[in-house]
Structures are given as C-alpha cells and as structure tokens.
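So the structure is just underneath, and the comments pick up after that.
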Amino acid sequence: MAKSKNNAKKVSYISVPSQIINSLSSSSLQSLLLSPKKPSRNRFFGLNLYRSPRFWFLALFLFCFLGMLKLSYNLDPLVPFSPYPCVTSQPLLQDSFSKKLTTRSQLGFVSNGEKNDIKDQEVGSVDARELKSEVGFGSNEVKDESLKGVVDFQGGNSDGFEEESEFWKQPDGLGYKPCLKFSREYSRWSEQIVKNRRKYLLVVVSGGMNQQRNQIVDAVVIARILGAALVVPILQVNVIWGDESEFSDIFDLEHFKRVLANDVRIVSSLPSTHITTRPVVESRTPLHVSPQWIRARYLKRLNREGVLLLRGLDSRLSKDLPSDLQKLRCKVAFNALRFAPPVLELGNKLAERMRSKGPYLALHLRMELDVWVRTGCQPGLSHEYDEIINNERKQRPELLTARSNMTYHERKLAGLCPLNAMEVARLLKALGAPKSTRIYWAGGQPLGGKEALQPLTREFPHFYNKEDLALPVELKPFANRASLMAAIDYIVSENSEVFMPSHGGNMGHAIQGHRAYAGHKKYITPNKRHMLPYFLNSSLPGAEFNRIIKELHRDSLGQPELRTIKAGRDVTKYPVPECMCSDSHTGSSL
C-alpha cells in the first residue's frame, strides 16, 4: 500500500483569481493547462525538407517558370540570368568620353573635389577620366597632368547633331569608283620585271611624312620604269624635328610588299651579291622628267653597275605619265602605303572618339612660325609677332618660298597666304557650320598659342587635337616622332565627314586625293583669292556675306574633277579619270 501511494500521480493546484478565469475562453484555458506536442519530423517545412521529392519537383517547376518569364518578357531585374552579361556595361564604355562630369563653363577647370573623386577610381579607367577645356586654346589645358588625354564632349546633340544642316551634306560623286585595270602590255611586262635579280634601286627620301610619302610613290614608279627591284626607301633624318623614324615605323612594310608584288619587287636590303657594288649616284635629277628621260639617263649605267642610288625625288617625276603608270601611282598612294598597325590603331581610335556624338570637321591649320616665314605672310596678331617673323626671315632668307617681289598685302590678296583663325571661323560660319560642330585640328602649335586660336574657339568651342583625345600612355610611344604624329593627324582627318585646310601643302593635297578615291568625301578648298575682298568689306550685311561665300565655294566642296583639264596635275590629288571610273559614263560631262 505504501509503494502504491508513492507511485501515485501527484496533482498540483494553482490558485487563480476568479476575475482572470472568467476573462479566458475555454480553449485558451485548455492551452495553458496542456503541454505542447512535439513537432513532427515529416512536416513539409521541417529541417529535412530537402529529402522530400515534392520539394525538388516544386523547385524545378519554379526555376522553369522564371526562365520562361525571362525569355518572354525580358525582365530587367533578372540581370544575373542574362546570357549577355556585357550588354549593360557596353554603353558605359562607348560613352566614356561624353558622360562624366559636365563642364560648368567652357572656361572652367576640374575642381579639387572632382580630382579627388577621380583619383579614387581605378587607375587607367577611361570612364573615370575627364578634361575641362579652356576656351581660347585648342590643347584644352588641364591643371592635373593625370587627367590629360580624354575630353568631355559638351553640348553636342548626339541624336540629331544638326544633321539637317547643309554643312554636312556630301558632294555628288557622280558614281565614280576606284578602277585600277592595267593594260595587257603592262601585265605582260610585270612577270619579267618582278623576276629580275640584277638591278636594284636605292632611294633616300626627305622632308616631313607627307613629303616622304609622295617621294615613295614616285620611287616605286621609277623602279617600274627601269625594271629594277626597289630596296625599301631610306628615310632621311629630319633636321628640323630630329625624327629618326624608319619606313616600317610609319608604314606597314609587309602590306606594302604584298600589294605591289605583281608590279615591282620590293626587298628589305641589297642582296649579298650587290653589297660591295659601287652604286650609280644621282642627287640632282631635274624637275618633272619623263619616263623616256629616266631610261636614257640611268638604264645603261644601271645595267652595268646593278645599283642606282637616287636622292631628292620631290617633284622630279612628271605628273603627266602614261595611263598604266598613273594607275600605279594611285595603287601605291591609296592601297600600298598603309600606316603601321600601332599608328593605324590609335588614329582610328581617335576618329571613333571624335565621332562618338556625330559627324566632325577636320581642319589642317598652317599657322606655325616656319609657315609664316616661308610664305612671306603675317598672322595678323600684333606688331610683336610681325617683328618675330621679319627677323627670322632676314636671318634665313632661303626659307622664303613665296614671290619675293610681292608685298605682304599683295600676297594676301593673291590668295598666297594661310588663313588665320579669324578668317577660318568666318568662312566656316558663312558655309553653314553649326556652333556645335566638333572640330579636330591637325598641325603644329600655332605662333601665338591660344591668342592665335581665340577667334576660332570662341565661335566653335568644341575644338580638339590628338593630345586632347588620347591618354598620355597612348601617345607615349609616339613622343618626339613628328612623322608618326603627322600620320595620326592624317588618319583622323581622312576619316572626318568634312575636311578643310587653311593653306595648301603636301598633307592637304594627299588627303584631297584620298577622300576623292574613297568616294569624293567633302573637302572644302578655300577660295582665298576671291573671298578675301569680301572679308575686308565691313559694310557688307551678314546675310549677303554668307550668300556670296557659299556661291564662291559651290564648286569647291570635293566634287569630281578631271585631272586632264589642266596639265601638271597630280593623279594622287585628282584620281579621275585614270584611277576612277563611272558606270554611268558621266565623266564626259565634267
């Protein structure tokens, strides 16, 4: 009995006030008195949920459902599921030159706070760089050297960019396209010429890059005339810039050889059989000689000695050659002389940056000190600069290439002087260039610096050169290499929608022919002799001035023009009709 009493359940009682008991419902009271049950291990949302087949079936269903939604509605929030992860980042790269900090004023610089923000970005990130331009000078000076190299294109209309403006309208090319079809006789002789191993032509070319380029063209033609192999031209060190660039630094040598393989054999050096040969040297070839003169002068000695060395080929070969040789000139200038890959890559990259918000104009400004000295002209800046030019001209009279019997004013009115910044600005405005026009300017630093360029940059503030567009690290391989810098200018200028030189010259002539060969892209030739009297007429109303200037340039916008209209024209400047033809036979109407 005692054991059963000890094992009996003990019941405890809790004294609860009657007011609380009355306030509880029967279910609530029961939950207080009964102990809670342990949760079941097999419930759906338990700890071992992953063991349930129903869970995996539902998960698979949800995954497929979300995938169907992604494909059907292209939901933006589901970026992690995108099969093209680079899509969202690509616009950032494309706009890296236009979307950063907005310039507060065309006269502003980068603030200290902005500099600190940029320094916090990843070093070398193009999207984290910007450059604020100082209007009045084309180089867009920046206080922080690390920020130089990438401009922030301001104010341009990236959608319409005033494309309705007549200024961007291209000339009618009349259907002319490149056609370099050589005669049967030319092709018949080609096989014999390229197989020749006895005759070699050495040439030394001088001057700037564009002058050297013209001489290389003539060197190939002379080698063809003589039936000789051409040793890769030697580029004479430029005494003015000290540029020691070689042919392969500027041009794509393998491409040059490959394109001309059926016309002239190109070799990198003389063969061992000819190294000790004493070459026939000619350094005073007369101007504008014919193929007959070249054969009569050199062929007999070349056959005897095996090597001919020519110097100073500038304008030595006649501009009026047989049709096949004119075609060869075009083939060399427009097809074979391609710039070296590093130069071509940077030049095309800068052209893309200029075009990031629409078309652009390229200007070749001839406003350097040596240009004013050689032309016998004055920049119209101040008496101080005129004295600098006059003193330089007195010390080096050999530099004066203009007519010495004419005064400065006579040269100016005759159209023999380069346009200054004021005249370029007035001409562009009269021809309808919008104020938002983006301008790439090629050429050396002008005499007078920013003061000389202010009249132009006030009217067209979006004014850039290669130093503005490229990062310092991009230009570093080309530093102190004037020929390579000129090549970059050439590429960006040739790619522009509109090109205009402020004065004639080798680069302007070469680009004129290149743009014609590419389909007669717009090329403005300033009609200086006829327009300058109107520039001096201050009483002429603006609307009337613009009308007259447009009329004077109506036929000077890069339209097809026959080379044969005038004797002595260079086919690499006027490629019609020898190097371009029209299916519609419209050439007869020119």
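Computed from a prediction, not measured in an experiment: that's the story for all the values here.
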side-chain hydrogen bond (donor to acceptor under 3.5 Å, both in side chains) partners for [X], two or more places apart:
| X | value |
| --- | --- |
| Asp249 | Arg481 |
| Asp386 | none |
| Tyr574 | none |
| Ser493 | none |

inquiry  = Quick check for you: to the nearest 0.5 Å, what is the distance between Arg224 atom CZ and Leu321 atom CG?
reply    =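 Those atoms lie 13.0 Å apart.
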task = Please name the residue in the list Arg563, Arg329, Lys566 that meets the salt bridge (charged side-chain N to carboxylate O under 4.0 Å, His left out) test with Asp320.
result =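 Output: one option passes, namely Arg563.
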query = Parallel under 30°, tilted from 30 to 60°, perpendicular over 60°: which one fits the rings of Tyr200 and His274?
reply =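 Geometry flag for His274 against Tyr200: perpendicular rings.
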Who pairs with [X] by side-chain contact (heavy atoms from CB on, under 4.5 Å), at least two apart in sequence or on another chain?
| X | answer |
| --- | --- |
| Arg393 | Val373, Ile389, Asn390, Leu400 |
| Glu345 | Lys349 |
| Asn495 | Asn348, Ala351, Arg355, Tyr360, Ile491 |

key: Listed once per pair and sorted, the side-chain hydrogen bond (donor to acceptor under 3.5 Å, both in side chains) pairs that draw on residues 413-426, sequence neighbours left out   =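 For residues 413-426: Lys412-Glu423.
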request  = Any pair with a residue in residues 243-264 that passes ring-ring contact (aromatic ring centres under 6.0 Å, His included), sequence neighbours left out, goes on the list, sorted by first then second residue, please.
outcome  =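 Counting only pairs at least two positions apart or across chains, the ring-ring contact (aromatic ring centres under 6.0 Å, His included) contacts touching residues 243-264 are Phe247-Phe251, Phe247-Phe256, Phe251-Phe339.
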List, one per line, each side-chain donor-acceptor pair under 3.5 Å for residues 504-514, sequence neighbours excluded.
residue	atom	partner	partner atom	Å
Asn506	OD1	Asn214	ND2	3.3
His509	ND1	Gly505	O	3.4
His509	NE2	Lys573	NZ	3.3
His514	ND1	Tyr490	OH	2.9

ask   = So, for Tyr440 and Tyr464, is the gap between ring centers shorter than 6.0 Å?
value =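 For Tyr440 and Tyr464, the ring centres are not under 6.0 Å apart.
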inquiry  = Show every disulfide (SG to SG under 2.5 Å) that has at least one partner inside residues 442-488, sequence neighbours left out.
reply    =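 Matches after skipping sequence neighbours: none remain.
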Where at least one partner belongs to residues 329-401, residue pairs that pass disulfide (SG to SG under 2.5 Å), sequence neighbours excluded =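 Checked against disulfide (SG to SG under 2.5 Å) - neighbours excluded - the pairs reaching residues 329-401 are Cys330-Cys579, Cys377-Cys417.
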query = For Lys429, does the NZ atom sit with more than 12 other heavy atoms under 6.0 Å from it, leaving out its own atoms?
reply =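 No, NZ of Lys429 has 12 or fewer neighbouring heavy atoms, counting only those of other groups under 6.0 Å.
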task = Give me the one residue out of Lys521, Arg515, Lys522 that meets side chain to side chain donor-acceptor pair (under 3.5 Å) with Ser496.
result =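 Result for side chain to side chain donor-acceptor pair (under 3.5 Å) with Ser496: Arg515.
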